[in-house]
Q: 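For reference, the structure I am asking about is given below.
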Amino acid sequence: MEYTVKSGNPEKQRIGCVVIPVYASRKLSPSGRIIDKASNGYISNLIRRGEIEGDLGNCLLLHNVENTLCDRVLLIGCGKEKNIDVAAFYKINSHMVKRLQASGATEIASYLTEIPVKRKDINWKVQHSIEAIDETLYQFNQLKSEINETRRPLRKFIFSVNGRGQLMQGEKAVRQGMAISAGIHLAKDLGNMPGNICTPDYLAKQAEILSKHHKKVKTTVLEEKDMEKLGMGSLLSVSKGSREPAKLIILEYMAGDKNEDKQDDKNQQAPIVFVGKGVTFDSGGISLKPGAGMDEMKYDMCGAASVLGVISACAEMQLPVNIIGIIPAVENMPDGIASRPGDIVTSMSGQTIEILNTDAEGRLILCDALTYAEKFEPDVVIDIATLTGACIVALGAHPAGLLSNHNPLANDLLSAGQSSGDRCWQLPLWDDYQEQLKSNFADIANIGGKGAGTITAACFLSRFTKKYNWAHLDIAGVAWKTGTNKGATGRPVGLLTQYVLDRCNDC
Ligand code: BES
Ligand code: MN
Ligand code: ZN
């Protein structure tokens with residue numbers, strides 16, 4: 001879809017459809033009042049007759065409204081003007097798109113930009129409208145042989161802004177919104193791709209494609225023999241049972257301002273490192289998962305997908321930052337040579353790990369990737385992983401779980417979550433929980449027994465992140481939807497790009 005911004009009165013738009021907000025109860029917005037006046041009270045008459053109340057979800061499509069140049073006017077109910085928060089704004093956009101798709105209009109001028117959303121400015125509204133519209137339009141049809149094409153799809157979407165002053169701002173918001181939305185789209189597509197296609201090698205190829213598209217993104221792929229040399233015995237123990245070779249994918253986007261007063265290779269800002277769990281299918285291994293719903297374990301690489309999505313978004317926005325993406329990519333399968341419960345492996349850090357459950361594989365690949373991250377002398381390291389079913393028990397599908405060894409970093413992520421609407425919620429990483437990881441035979445066990453599964457998983461990772469500021473996002477509950485609307489969400493690309501954007505504004 002093509003997005004643009006424009007200023008001007010609604011009745012003067014020569015276009016397929018003009019979208020106007022109406023508030024509960026029966027209150028017209030400024031653009032609504034203008035169109036009402038032009039049409040000699042036609043709109044307010046309809047409202048008085050009870051044709052639309054203005055509740056969230058209401059809508060009314062009008063044709064050939066007198067003294068307007070547009071083919072249609074769509075009135076969208078927004079609920080009480082004072083109660084419109086981030087979630088309501090998303091719903092309003094989503095209702096609008098569904099109604100427009102059925103209307104036959106292809107070019108739209110939207111005045112939903114005048115909706116007052118609590119503590120949000122015009123930039124935010126434009127950017128998030130784009131995300132909400134693309135979210136509503138998203139379909140994963142690549143693997144269907146027959147697709148029901150919409151006969152007259154939406155083509156062009158114009159956001160109305162107030163006068164010339166807001167035009168520049170609005171255009172920037174459009175660029176940002178489209179970049180973030182494309183990153184979310186990429187993460188969704190990768191997540192939805194089945195395990196027989198989306199293998200570790202496929203993820204590596206996707207990273208290379210991203211590099212081709214953005215000249216500033218450099219991709220390196222380490223093979224199993226490289227990882228053996230590095231001593232990544234923990235990571236390699238997970239892919240042992242699979243015919244698909246493990247890959248360690250490294251993306252470098254180094255566009256940060258140079259530090260002029262420092263010399264040589266040290267003149268770079270310390271990078272933000274994102275580490276994404278890339279288990280392209282998690283059968284559980286020898287600790288095999290039950291059959292019901294096992295297909296959803298194709299989503300066990302959504303952390304990796306979000307890293308690719310964030311880097312794509314930041315490169316597209318040409319943000320002046322240094323970002324490293326590290327993706328340990330493996331498949332977790334049972335086999336005659338697969339790891340067994342009780343096996344002890346040596347991680348790159350030198351710490352030995354007793355694998356008490358081969359289904360706790362995410363932490364086994366992340367720990368080596370986290371040790372590898374040290375070489376980039378990072379400012380912060382954030383890992384993103386569909387790590388524990390326990391996180392769904394604790395928090396459901398609304399926020400991602402957040403655990404961190406550095407409170408300022410945790411606070412930055414919490415606040416980026418608030419402002420993007422892609423939220424996370426902090427859980428404690430107290431030492432008290434570390435005891436659960438004691439092993440009789442190795443330095444550490446890979447499971448923590450009963451209770452606090454999300455926290456003990458993070459405690460495991462914390463043993464490998466002592467040298468830098470680190471945060472862990474458990475996205476088991478938010479990365480995809482189950483049930484009839486099964487599909488990847490692209491989360492937490494919105495949260496993480498917001499985090500990077502906030503840091504750019506500070507510097
Ligand atoms: N990928 C799963 C976590 C998961 C399960 C995410 C279901 C979303 C939905 C992870 O590898 C796993 O299997 N974790 C185990 C850990 C346990 C063995 C300590 C779990 O959560 O059951
Ligand atoms: Mn598992
Ligand atoms: Zn897993």
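The figures here come from the full heavy-atom set of this structure, side chains too, leaving out hydrogens, waters and symmetry mates. We count ligands from 1, going down the list as the structure has it; atoms in each ligand are counted the same way.
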Q: Kindly confirm or rule out a cation-pi arrangement of Lys120 over Phe89, judged by NZ or CZ under 6.0 Å from the six-membered ring centre and within 45° of its axis?
A: no
Q: Give a yes or no answer on whether the side chain of Asn469 reaches the backbone of Leu409 with a donor-acceptor pair at less than 3.5 Å.
A: no
Q: Using 2.8 Å as the cut-off, note every protein N, O or S atom close to the Mn ion (ligand 2).
A: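 Within the sphere that stays under 2.8 Å of the Mn ion (ligand 2), the protein atoms of type N, O or S are Asp282 OD2, Asp359 O, Asp359 OD1, Glu361 OE1.
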Q: Hey, can you pull the donor-acceptor pairs under 3.5 Å for the side chains in residues 321-331, sequence neighbours left out?
A:
{"residue": "Asn322", "atom": "OD1", "partner": "Ala255", "partner atom": "N", "Å": "3.2"}
{"residue": "Asn322", "atom": "OD1", "partner": "Gly256", "partner atom": "N", "Å": "2.7"}
{"residue": "Asn322", "atom": "ND2", "partner": "Gln268", "partner atom": "OE1", "Å": "3.4"}
{"residue": "Asn322", "atom": "ND2", "partner": "Gln269", "partner atom": "O", "Å": "2.8"}
{"residue": "Glu331", "atom": "OE1", "partner": "Ser242", "partner atom": "OG", "Å": "2.7"}

Q: Do Thr199 and Thr280 pair up side chain to side chain, a donor and an acceptor below 3.5 Å, judged on atom types alone?
A: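 There is no such pair (donor and acceptor under 3.5 Å, judged by atom type) between the side chains of Thr199 and Thr280.
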Q: Any ion pair linking Glu223 and Lys229 (charged N to carboxylate O, less than 4.0 Å)?
A: no
Q: Working to the nearest 0.5 Å, report the span between NE2 of His128 and OH of Tyr90.
A: 5.5 Å
Q: Leaving waters out, which protein N, O or S atoms fall under 2.8 Å from the Zn ion (ligand 3)?
A: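 Protein N/O/S atoms under 2.8 Å of the Zn ion (ligand 3): Lys277 NZ, Asp282 OD2, Asp300 OD2, Glu361 OE2.
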Q: Does atom CG (Asn141) have a neighbourhood of more than 12 heavy atoms from anything else shown, all under 6.0 Å?
A: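 Above 12, so yes.
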Q: Taking the ring centre of each residue, are Tyr138 and Phe140 less than 6.0 Å apart?
A: no
Q: Quick check for you: to the nearest 0.5 Å, what is the distance between Ile184 atom CD1 and Asp134 atom CG?
A: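 CG of Asp134 is found 8.5 Å from CD1 of Ile184.
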Q: Should Asp300 and Lys277 count as an ion pair when the cut-off is N to O under 4.0 Å?
A: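 The answer is yes: the pair qualifies as a salt bridge.
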Q: With a 4.5 Å limit on heavy-atom distance, are the side chains of Asp443 and Arg463 in contact?
A: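 Counting from C-beta outward, Asp443 and Arg463 never come under 4.5 Å.
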Q: Run the salt-bridge test on Asp201 and Lys247 with the 4.0 Å N-O cut-off and return the result as yes or no.
A: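 Answer for the salt bridge query: yes.
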Q: Mind checking what residues have non-hydrogen atoms under 4.0 angstrom from ligand 1?
A: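 Shell around ligand 1 (4.0 Å, heavy atoms): Lys277, Asp282, Lys289, Met297, Asp300, Asn357, Asp359, Glu361, Arg363, Thr386, Leu387, Thr388, Gly389, Ile392, Ile447, Ala476, Trp480.
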Q: Classify the side-chain pair Gln434/Ser462 by whether it contains a donor and acceptor separated by less than 3.5 Å.
A: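 Note: Gln434 and Ser462 side chains meet the donor-acceptor criterion.
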